[in-house]
Amino acid sequence: MSRIVMHIDMNAFFAAVEQQSNPALRGRPVAVVGSQQRTIILAASYEARPYGVKTGMTLHEARQRCPHLQMVHANNRLYTNVSQQMIRLFQDYSPQVEVFSVDEAFLDVSGCLGLFGSARRIAYLIKSRLKTQLGLTCSIGIAPNKLLAKLASDMQKPDGLVQIEAEEVGEILENLSVSELCGIGRKTAEKLKRLGITTCGALGRAPLPLLKGHFGLLGEQLLMMGQGIDQRPVVSLDQEAEVKTVSHSMTLRQDIRDREAIARFVLQLSEMVGRRMRRYGVSGRTVTLIVRYADFTTFSRQQQLGQAIFRSDQIFCAAMTIADRMILAQPVRLLGVRMSTLEYREQQIPLLPEERRQEALTASLDQVNDRYGEFAVMPANLLPLKGKGSHVISPAWRPEGIRNVGVQ
């Protein structure tokens with residue numbers, strides 16, 4: 001309990017950034033949406049929330065609740081640029097900044113109090129600079145660890161500041177619902193409820209054998225969470241764990257079962273996965289194809305490869321080998337491609353001229369797309385799909401470095 005951890009959660013981030021960049025949207029109910037026909041509400045401004053508009057809602061339902069709702073298509077480039085500015089700002093107050101998502105970050109300020117006086121003063125300085133420099137507000141939680149800091153930042157929104165002291169932990173958790181803790185999802189909460197455990201206080205007093213019997217190794221972690229114990233460090237960008245998977249998935253504009261159409265989308269996904277792998281300097285030996293039917297039944301099939309690959313065309317060929325073996329029972333609603341069993345590549349010149357040519361071509365295409373944007377140059381097969389892909393920023397986005405997650 002000697003650490004002081006801060007969790008910064010930006011308020012209605014996507015919508016707030018849009019309002020800041022377009023003064024005509026300020027003070028009006030705004031919803032940020034994807035570019036696809038089947039999109040949902042990605043973020044709602046605080047002006048839209050009194051009408052019941054919220055993240056995950058369909059556009060039809062949102063319009064019914066708020067007929068004068070302003071719909072804005074998501075602008076990934078804008079959000080990532082603002083997020084990078086935020087991170088640089090946070091790093092002015094602590095070198096230990098962990099990017100939790102595009103609009104959230106943890107700071108360990110334990111060693112910075114001598115410079116700024118107190119954690120609350122650091123929080124006020126950050127809030128002031130975010131408002132004056134970027135025009136954005138945030139909610140900040142301060143606590144002895146990441147679990148409690150995340151809880152504290154949720155207690156007062158928008159524009160809140162809550163600090164949980166070590167001696168207050170037991171009282172705060174006693175009657176708090178277990179579902180309020182980050183890391184306990186709906187299914188885990190339901191399983192705990194069947195055991196008669198609905199509050200954090202009850203979870204913290206539960207017999208460890210009982211929890212282990214129903215949750216395995218997770219049982220010990222749940223017990224500690226119920227007691228407000230979290231020993232995870234704040235992991236800065238230069239300390240992040242090695243990547244384990246690289247993946248992309250997309251919900252299609254309309255259900256498909258035509259093999260040619262499936263192949264075009266798999267090619268687009270393979271391009272996205274391959275480009276990220278090359279950026280990270282990794283190659284993989286396991287390719288997985290994810291399929292979701294029209295009725296939301298989801299399954300995956302994978303193939304182990306004889307050698308590690310990283311080029312998009314290689315990933316595409318491996319994924320389509322899997323697709324060719326599938327007998328589709330229903331039209332397809334979602335497709336995904338994932339590469340795993342990753343290893344860092346050695347930078348060496350291929351022996352065969354054709355391989356050298358392919359790698360040089362791939363590198364040139366990556367340079368163009370890095371400069372001018374995703375799919376500025378693309379295979380001719382993708383031309384009918386331009387503008388129809390996944391344009392929603394990933395919640396697991398990172399400005400640099402990679403984490404032990406697959407980006408969906």
Side-chain angles (χ1 to χ4, degrees), residues 6-35 39-49 54-55 70-107 122-141 150 153-154 157-161 234 236-238 240 276 279 369-374 376 390-403 405 407-408:
M6 186 179 293
H7 178 255
I8 303 174
D9 189 359
M10 305 303 296
N11 300 143
F13 180 62
F14 292 174
V17 172
E18 293 291 349
Q19 288 176 315
Q20 181 61 23
S21 64
N22 183 359
L25 298 175
R26 296 175 192 172
R28 306 180 67 178
V30 173
V32 177
V33 301
S35 59
T39 187
I40 57 174
I41 302 296
L42 305 177
S45 69
Y46 278 93
E47 295 86 353
R49 296 185 185 188
K54 56 186 179 181
T55 301
Q70 300 291 306
M71 301 285 190
V72 182
H73 287 296
N75 185 340
N76 293 357
R77 213 178 268 269
L78 175 62
Y79 308 146
T80 55
N81 178 266
V82 173
S83 189
Q84 288 170 334
Q85 294 180 61
M86 287 159 32
I87 294 161
R88 289 194 292 269
L89 188 155
F90 300 157
Q91 290 172 331
D92 286 344
Y93 299 93
S94 173
Q96 292 181 271
V97 176
E98 178 178 335
V99 183
F100 192 59
S101 71
V102 69
D103 62 344
E104 295 179 80
F106 287 103
L107 281 68
I122 294 174
Y124 283 125
L125 289 170
I126 289 175
K127 289 169 73 71
S128 176
R129 287 185 61 190
L130 285 172
K131 184 66 176 177
T132 57
Q133 295 179 18
L134 300 178
L136 303 175
T137 64
C138 68
S139 294
I140 298 181
K150 180 76 166 71
S153 68
D154 287 333
K157 287 188 174 182
D159 203 17
L161 172 56
V234 172
S236 57
L237 291 168
D238 58 352
E240 290 186 341
R276 281 183 53 223
R279 187 183 309 153
N369 289 323
D370 285 342
R371 180 170 182 177
Y372 296 104
E374 195 87 60
S390 175
H391 295 284
V392 179
I393 195 169
S394 163
W397 172 88
R398 296 297 184 277
E400 55 184 281
I402 43 182
R403 293 183 60 83
V405 293
V407 175
Q408 301 298 321

Enquirer: Without swapping roles, check the side chain of K127 against the backbone of C138 for a donor-acceptor pair under 3.5 Å.
Expert: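 Flag set: sc K127 to bb C138 pair under 3.5 Å.
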Enquirer: Decide side chain to side chain contact (heavy atoms under 4.5 Å, CB included) for V33 and I41; before the verdict, give the C-alpha distance in whole Å, the side-chain angles of both, and the deciding distance to 0.1 Å.
Expert: CA-CA 5 Å; V33 301; I41 302 296; 3.9 Å; yes
Enquirer: Atom CD in E104, atom OG in S153: separation rounded to 0.5 Å?
Expert: 7.0 Å
Enquirer: Rounded to the nearest 0.5 Å, how far does CZ of R129 lie from CD of Q85?
Expert: 11.0 Å
Enquirer: Nearest 0.5 Å please: distance from the CD1 atom of I140 over to the CD1 atom of I8.
Expert: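 So the gap between those two atoms works out to 4.5 Å.
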Enquirer: Under the side-chain hydrogen bond (donor to acceptor under 3.5 Å, both in side chains) test, which residues partner N11, sequence neighbours left out?
Expert: T137, S139
Enquirer: To the closest 0.5 Å, what do you measure between NE2 (H73) and CG (L42)?
Expert: 11.0 Å
Enquirer: Specify the closest pair of heavy atoms between Y46 and P158, including all atoms of both residues, with the distance to one decimal.
Expert: CZ-CB, 3.6 Å
Enquirer: With sequence neighbours excluded, give me every salt bridge (charged side-chain N to carboxylate O under 4.0 Å, His left out) pair touching residues 130-140.
Expert: none
Enquirer: Does any part of the side chain of F14, heavy atoms only, come nearer than 4.5 Å to the side chain of L78, both counted from C-beta?
Expert: no
Enquirer: Any salt bridge linking R88 with D92? Criterion: basic side-chain nitrogen under 4.0 Å from a carboxylate oxygen.
Expert: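 A salt bridge is absent here (no side-chain N lies under 4.0 Å from a carboxylate O).
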Enquirer: Judged by atom type as modelled, is there a donor-acceptor pair below 3.5 Å linking the side chain of T80 to the main-chain atoms of R77?
Expert: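 Present.
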Enquirer: Rounded to the nearest 0.5 Å, how far does CZ of R26 lie from OG of S45?
Expert: 13.0 Å
Enquirer: Which pair of heavy atoms, one from S83 and one from V102, lies closest together, and at what distance?
Expert: OG-O, 2.7 Å
Enquirer: For the NZ atom on K157, are there more than 12 heavy atoms of other groups (residues, nucleotides or ligands in this structure) within a distance under 6.0 Å?
Expert: yes
Enquirer: Do D103 and D9 make a side-chain contact, defined as non-hydrogen atoms from C-beta onward lying under 4.5 Å apart?
Expert: yes
Enquirer: Contact between F100 and K150 at the side-chain level, heavy atoms closer than 4.5 Å - yes or no?
Expert: yes
Enquirer: Can you find a heavy atom in the side chain of V17 that is under 4.5 Å from one in the side chain of L136?
Expert: yes
Enquirer: Could you name each residue pair satisfying side chain to side chain donor-acceptor pair (under 3.5 Å) that touches residues 14-24, not counting sequence neighbours?
Expert: E18-Y79, Q19-E47
Enquirer: To the nearest 0.5 Å, tell me how far L107 CG sits from F90 CZ.
Expert: 7.0 Å
Enquirer: What are the two closest non-hydrogen atoms of S236 and P95, and how far apart are they?
Expert: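 Distance-wise, the nearest heavy atoms are CB-O, 3.8 Å.
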Enquirer: Over all heavy atoms of both residues, which pair between F106 and V234 is shortest? Give the atoms and the distance, please.
Expert: O-CG1, 3.7 Å
